[in-house]
Each structure stands twice: as structure tokens, then as C-alpha cells.
Colleague: 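One structure follows; several queries about it will come next.
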Amino acid sequence: MANRTDPAAKSIRGTNPQNLVEKIVRSKIYQNTYWKEQCFGLTAETLVDKAMELDHIGGTYGGNRKPTPFMCLVMKMLQIQPEKDIVVEFIKNDDYKYVRVLGAFYLRLTGIDSDIYRYLEPLYNDYRKVRRKSADGNFILTHVDEMIDELLTTDYSCDIALPRIKKRWTLESLGALDARKSVLEDDFEEEEEKDENEQDGLEEEVAHEKDYYRGRSPARERERDYRRDSHRHRDRDYDRDRDYDRERGRGRDRDRERDRDRDRDRDRYRLREEKDYGYERDRDREREGRERDRRDRDRGRRRSHSRSRSRSRDRKRHARSSMSPRRHEAEDGNPPEESKKRKGKKEKKDDGTDHPDPEIAEANRIRASLGLKPLKL
């Protein structure tokens, strides 16, 4: 019963107002001692007394994530759903800053976009300090305007996901919200007026000085003539120096152009030489390549020819070695006896000792004993 929403409360954004707080945080609040003892039976009138007793703001803290009294009162306001006039009075309360922050937080959760901007933007001018309990249980110092900026610009505050709202410029374009007017705008206008007055005073002083120097006195006329002559001489000297510098600059430009042309011609000649040398070098390389290919072809032909000859020779030698002596003689067409006779005759003919001339035969025998060739006459 104590945790139920007021039956007369209206649904906010299509759901139960208490559902705007996450379920885990909501269950932590229901189990908290402050909720059970201090928030039981509160109404919209008695809620103000509890809000005036607040001394800090925050969401949950500690290892078991205990909710702060500020969060318990926000949950109680969602449960009883006070009227809009009461919430606006909370926001406009200048005496109690925590009551103001409580009303602003509740309006950010339940209000429409135009009301949120209309009632919370004036709180940017509240620079009072407030204490905020962080997640580790320590207190940090912040300000009311920083808290309002967090509510208007972020989607998460005090461990609660804030509903999304439209941008201000979108509401201005739709005509639902007027253009924002800064409180400091009057001060800016005063500063602009002071600047304009000072500028007008300076212009009057300058005009007065001009009028003074426009006076016609002999001394001032002589001084003006002297200045005019000095300026004329200075201009003449300046023109002479300028002409001299111009001529010298032209001479430098001519020398620079001459050097540039010379470098261009040198580069062109070098490129032509490199091109010719590259052409000749490519032609020599092609010639050397053709000669190398021809040598390789000739070498390959010789090798193939020598291989074929060596193969045929080996084949014949193998065939001869595998034959019997008689068959070999029969293939040659000479019987063994005839071959022996032919060998003997051949030996006699080669020795030269059977020469018909006895002197020559004797000389051949002597030469044969000495290992010399016979005489051939």
C-alpha cells in the first residue's frame, strides 16, 4: 500500500510515474529506512517540510547503492503527483536552494518540453553552492546553475535516465518557445552606450584639433610651406632612389633570365646527349644479345652433333664386343687363315726388309733394330 501510486495520478509519457525510475533503484528506495520512516504518509503540503530539511543532493552511493533522501523525495513526488502550481513554487523559492533543485528535477522528469525550458532556464542565474554526494559516498561541491545545465543538456542525472526533450532551436522554429533573452542583455546595452559616447567624444576632439590647425597665421603658413618643401625634396629623393632600385632590379632580372636560359640550354643539350647515348647503348645491347644467342645456338648444335656421334660409336663398339671372333671375321668376309696371311704380308711390307735391293733391305734391318722407320724408295 505504501508503495502504490496515487489512484488519482495521471500517467506520464504513457506509463506509471514511478516507472520513470529504474526498477533496481526503485526497489532500493522501497527498502531504505528513510523511505519507510520519513516518507510514509506524506502529502503535497507536508512534503515541503521534508524538502526544507535537505542538506545535499545525489542519487545512490556506497557499495550496496543506498539512495539519498533527495532521491526518496523525488520518488514520493512521483507517487503523489503534486499539482503544477506547487512544483512551480518549489522552483521559484529563493530561500531554500535544495527545494529549488528538487522542484527542477521533478519538472525535468514529468514536464513538457516548453515548460522545462521556460522554468529551468532562469535558474542559470543562480550561482549558489550545493553539496552533492558522489557514488563513493564522499561529498563534492557544485552549483545550482551547473545542476540545471546537467538537467537540460544530458540524458542521465543522479542515477536516473532522463526523458528525451527537443532542442531549443527546434521549439523556436515551431513557435512553441520564444527566443531566449539573457539577463545580462541590459548590462551589454549599457556598455555599448558607454562605448558610443566615448567614441563621439573622441570624434569631437579630433574635429576641434582639425579646426585649430586650419587657422591662417603667418607663422603657421611659413611652417606649412617649410613642411611642403621638405616633403617635396624628400619625394624627389625617394623617386630617385626608387628609379635606381628599379633599374638595378631590372638588371638583376636580366641576369637571372640569362642564367635561366643558359641552364635551360645546358639541360636540353645534356638530355639530347643522354638520349643519343641511350639509343646507342640499347643498339649495342641488342647486337650483343643477338651474337650471344647465335653463339648459344652454335654451341648447342655442336654438342648435339658430338652426342649423336658418341652414341653411334658406343653402339658400334658395344655390338662388336658382344660378337664372337669367328662371327666378326665372317662378317668382315675374310676367314681366319686369310686374315693371318694378310697380317703377315702387311708386316713384311711395313718392315722394308724384303726389299728387292739387298743394300736397302740391309739398311732397313739396321733401322728396324734401332727403332727407326724403313727407307721408302
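Bear in mind the structure is a predicted one, so any value in this text is a computation, not a measurement.
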Colleague: Applying ring-ring contact (aromatic ring centres under 6.0 Å, His included), can you list everything that pairs with H56, at least two apart in sequence or on another chain?
Modeller: F139

Colleague: Can we say R295 and D298 salt-bridge, meaning some charged N sits less than 4.0 Å from an Asp/Glu carboxylate O?
Modeller: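 Between D298 and R295 there is no salt bridge, as every charged N stays at least 4.0 Å from the carboxylate O atoms.
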
Colleague: For the CD atom of Q81 and the OG atom of S11, what is their distance to the nearest 0.5 Å?
Modeller: 8.5 Å

Colleague: Membership question, hydrophobic clusters at under 4.5 Å side-chain separation (ILVMFWY): are M52 and V87 in the same one?
Modeller: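 Yes; M52 is reachable from V87 via cluster members.
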
Colleague: Does S157 use its side chain to pair, donor to acceptor, with the backbone of L151 at less than 3.5 Å?
Modeller: no

Colleague: Under a 3.5 Å cutoff, is there a donor and acceptor pairing between the side chains of Q18 and Y30?
Modeller: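 Checked: Q18/Y30 side chains pair up, N/O donor to acceptor below 3.5 Å.
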
Colleague: Output every pair passing side chain to side chain donor-acceptor pair (under 3.5 Å) with a member in residues 108-119, not counting sequence neighbours, ordered by first then second residue.
Modeller: K84-D115, D115-R118

Colleague: Quick check on E359: does its CD atom have over 12 non-hydrogen neighbours (other residues, nucleotides or ligands) under 6.0 Å away?
Modeller: no

Colleague: Looking at R128 and D145, is any side-chain nitrogen of the basic one under 4.0 Å from a carboxylate oxygen of the acidic one?
Modeller: no

Colleague: Of all the heavy-atom pairs spanning W35 and K76, show the shortest one and how long it is.
Modeller: CZ3-N, 3.7 Å

Colleague: On a heavy-atom basis, which atom in I80 and which in A44 lie closest, and how many Å separate them?
Modeller: CD1-N, 3.8 Å

Colleague: Excluding sequence neighbours, so at least two apart, what forms side-chain contact (heavy atoms from CB on, under 4.5 Å) with Y98?
Modeller: L54, I57, V130, R131

Colleague: Do F105 and F70 pass the ring-ring contact (aromatic ring centres under 6.0 Å, His included) test, and can you show the C-alpha distance, the side-chain angles, and the key distance before you say yes or no?
Modeller: CA-CA 10 Å; F105 196 91; F70 176 82; 5.8 Å; yes

Colleague: Look at E22 together with R26 and state whether they make a salt bridge at an N to O cut-off of under 4.0 Å.
Modeller: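 No salt bridge links E22 with R26.
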
Colleague: Determine whether more than 12 heavy atoms belonging to other residues, nucleotides or ligands lie under 6.0 Å from atom CG of D357.
Modeller: yes

Colleague: Please round to the nearest 0.5 Å and tell me the distance separating atom CG of L120 and atom CZ of R100.
Modeller: 10.5 Å

Colleague: Check for a donor-acceptor pair, side chain of T46 on one end and backbone N or O of L42 on the other, with a separation under 3.5 Å.
Modeller: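 No, because the side chain of T46 does not come within donor-acceptor range (under 3.5 Å) of the backbone of L42.
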
Colleague: Heavy atoms only: give me the nearest A104-I91 pair and the separation to one decimal.
Modeller: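 The pair with the smallest heavy-atom distance is N-CG1, 3.8 Å.
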
Colleague: Using a strict 4.0 Å threshold on nitrogen-to-oxygen distance, state whether E150 and R132 make a salt bridge.
Modeller: yes

Colleague: Considering residues at least two apart in sequence or located in another chain, which fulfil the side-chain contact (heavy atoms from CB on, under 4.5 Å) criterion with Q38?
Modeller: Y34, K50

Colleague: Is there a side-chain hydrogen bond (donor to acceptor under 3.5 Å, both in side chains) between Y61 and D136? Walk through the geometry before answering.
Modeller: CA-CA 6 Å; Y61 66 94; D136 55 359; over 6 Å; no

Colleague: Quick one: side chain to side chain donor-acceptor pair (under 3.5 Å) partners of R266, sequence neighbours excluded?
Modeller: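 For R266, the residues satisfying side chain to side chain donor-acceptor pair (under 3.5 Å) (neighbours in sequence not counted) are D263.
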
Colleague: Looking only at the side chains, is there a donor atom on one of S134 and N138 sitting less than 3.5 Å from an acceptor on the other?
Modeller: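 There is no such pair between these side chains.
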
Colleague: Is there a donor-acceptor pair closer than 3.5 Å between any side-chain N or O of T60 and the backbone N or O of K66?
Modeller: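 Here the side-chain-to-backbone pair does not exist.
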
Colleague: Roughly how far, to the nearest 0.5 Å, is the CG atom of D178 from the CG atom of L171?
Modeller: 11.0 Å

Colleague: Has Y124 got more than 12 heavy atoms of other residues, nucleotides or ligands less than 6.0 Å from its OH?
Modeller: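 Buried by this count: over 12 neighbours within 6.0 Å.
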
Colleague: Taking I360's backbone N and O only, do any of them form a donor-acceptor pair with N364's side chain (distance below 3.5 Å, no angle check)?
Modeller: yes

Colleague: Nearest heavy-atom pair of L162 and T154: which atoms, and what distance?
Modeller: CD1-O, 3.8 Å

Colleague: Using every non-hydrogen atom in the two residues, find where C72 and I29 come nearest and quote the distance to one decimal.
Modeller: SG-CG2, 4.1 Å

Colleague: Strictly below 4.0 Å, N to O, side chains only: are R365 and E362 in salt-bridge contact?
Modeller: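 Looking at R365 and E362, the cut-off is met.
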
Colleague: Could you list the residues that satisfy side-chain contact (heavy atoms from CB on, under 4.5 Å) with L372, not counting sequence neighbours?
Modeller: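 side-chain contact (heavy atoms from CB on, under 4.5 Å) check on L372 returns R367, L370.
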
Colleague: Please report the closest heavy-atom contact between T5 and P17, naming both atoms and the distance.
Modeller: CG2-CD, 4.2 Å

Colleague: I'd like to know if the side chain of K28 reaches the main chain of N64, judged simply by a donor and an acceptor atom lying under 3.5 Å from each other, with no hydrogens or angles considered.
Modeller: yes

